[in-house]
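Letters A, B, ... mirror the listed sequences (proteins, then strands); counts begin at 1.
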2 protein chains.
Amino acid sequence: MSQSVVHPAAASKAEATRAAIVDTAERLFRTLGYQKTAVADIARELRMSPANVYRFFPSKAAINEAICTRILAGLEHLAWSIARGPGTPRDRLRALFRALQEQTITLFFQEKKMHDMVGAAMQEHWPVIEAHVDAIETAIRHILMDGQAEGSFARIDANQTAKIVHTAIVAFIHPQVVEQCADDDDQAALADAMASFVLRALRPHPDD
Amino acid sequence: MSQSVVHPAAASKAEATRAAIVDTAERLFRTLGYQKTAVADIARELRMSPANVYRFFPSKAAINEAICTRILAGLEHLAWSIARGPGTPRDRLRALFRALQEQTITLFFQEKKMHDMVGAAMQEHWPVIEAHVDAIETAIRHILMDGQAEGSFARIDANQTAKIVHTAIVAFIHPQVVEQCADDDDQAALADAMASFVLRALRPHPDD
DNA sequence: TGAGTGACAGAAATCGAAAATCGTCATATC
DNA sequence: GATATGACGATTTTCGATTTCTGTCACTCA
């Protein structure tokens, strides 16, 4: 049972076509929204038939997933760079909250169609969301463990605490909640106050 | 400019009719949902014309608001009774989180139509929601101040902290979020862990 | 043989007309 | 005068017909 041998030039042609599909989809999703963009629209822009798109993606849902993955990847990279960046763990945690809150509200205000798609992804449990939650909690856990290593955070279970911390900031990062509070001018300040509060919980205590 | 003199018997007849409208609306909302229940449906059950309903409520939205107020009043009374009840402030806060989480998920599983209405009320900023948020934060603040008075909670700003604590539990009490996580068996445990975490933040610290 | 497509069935979305709903007001009744 | 309603216009929702979309497959072509 040998695997089929893919010609290198063909593979790179297929990759280019796949990338073109993703790029086109992303552009159309930004303007029309993912629901209003048909696979035929994507194909038309690329001067190919819709059936050809299905040679690269098993379904339209897979295209949606790919675009949503792109959006969230930006956020995950930002979170990870903050988590591993300079500064004390305390400062990093605060910066992380601020960045997550800011990116979420910015997506809502500046890319409503993408914001709506991420919201739907969460609501409908698209696979990319579970990965996203993992990535954010990994970033939080990394900061927690750094804080524990340097003695500024209590030595409590880092896995569970990352999950709790993530849960505590749902109000600032969950698309539908953020949309509902979008008119409040003080969300950024509240996120910062939440960071201070969480840092109170994290610091070592004589009774620990 | 004398105020109109309302006959006592007439006032009590009007109150009874108003109450009958509310009771009927509540019953129909539970089975049909608030959107599918027409004012004419309510009137028909009471053998009156729809125009008569408008003598008691200025709009259908006002009826929706009245029913939503009833639901949330139950939750607010529960919160308040826990806040003022027996037990240490620490135990009370934990009991409050548990009760709020449990009531929210129960409403979803057992009264889906009512749950949906509360969710819409939050999303659309019905006036009753602001009052509800105030009531919950008042209950939290009461516990915080009791804890501060007895020395088990740090002396930090009780108003702001009540708001932060409330925000930290949005994941357990916000209808749309709760609905999205309804399949997770460990939400109750996570709410309890959140209580422990919040209590860590609240306890006095030598550096305070 | 790999790349690409036209044709197609079943499902979902859209459309425009009809029906229902909301809220108001003139009127009726006790 | 207080209580109640029929009639009505504007708006919203529903419904069945039509169109569009998703995904598949047999087929073509270089």
**Message:** side chain to side chain contact (heavy atoms under 4.5 Å, CB included) for A/F57 and A/R18? Distances and angles first, verdict last.
**Reply:** CA-CA 8 Å; A/F57 290 91; A/R18 192 183 191 282; 3.1 Å; yes

**Request:** Using modelled atom types only, decide if a donor and an acceptor are shared between the side chain of A/K60 and the backbone of A/T37 within a distance under 3.5 Å.
**Result:** yes

**Request:** Could you check how far CD1 of B/I63 sits from P of C/dT21, rounded to whole Å?
**Result:** 14 Å

**Rounded interatomic separation in angstrom, taking CG from A/L32 and P from D/dC21** = 11 Å

**Prompt:** Looking for any heavy atom pair under 4.0 Å, which part of the strands does B/A51 touch: base, sugar-phosphate only, or nothing?
**Reply:** base

**Item:** Residue B/S59, side-chain heavy atoms: nucleotide from C/dG23, C/dT5, D/dA4 that is nearest
**Value:** C/dG23

**Complete:** Against the side chain of A/K13, the closest entry in C/dG4, C/dC22, D/dT22 is C/dG4

**Prompt:** Starting at CG of B/L46 and ending at C1' of D/dA4, how long is that distance when rounded to a whole Å?
**Reply:** 14 Å

**Asked** Can you list the steps and then say if A/E26 with A/M114 is a side chain to side chain contact (heavy atoms under 4.5 Å, CB included)?
**Response** CA-CA 9 Å; A/E26 183 171 349; A/M114 291 308 195; 4.0 Å; yes

**Item:** Length of the line joining A/R55:CZ and C/dT1:P, which is rounded to integer Å
**Value:** 15 Å

**Euclidean distance, atom CG of residue A/D41 to atom P of C/dA13 [Å, nearest integer]** = 15 Å

**Message:** In whole Å, I'd like the distance from the NZ atom of B/K36 to the C1' atom of C/dA20.
**Reply:** 13 Å

**Complete:** Taken to the nearest whole Å, CZ/A/R44 to C1'/D/dT20 is 11 Å

**Item:** Intermediate values then yes/no, salt bridge (Lys or Arg N to Asp or Glu O under 4.0 Å), B/D146 and B/R90
**Value:** CA-CA 10 Å; B/D146 274 4; B/R90 290 175 61 90; over 6 Å; no

**Nucleotide nearest B/S49 (side chain, heavy atoms from C-beta), chosen from D/dT22, D/dT14, D/dT5** = D/dT5

**Which nucleotide in C/dG23, D/dT24, C/dT21 has an atom nearest any side-chain atom of B/A38** = C/dT21

**Prompt:** Any donor-acceptor pair under 3.5 Å linking the side chain of B/D41 with the backbone of B/A38?
**Reply:** yes

**Prompt:** Roughly how many Å is it from CD1 in B/I21 to P in D/dT3, rounded to a whole number?
**Reply:** 13 Å

**Asked** Between D/dT5, D/dT24, C/dT24, which one does the side chain of B/M48 approach most closely?
**Response** D/dT5

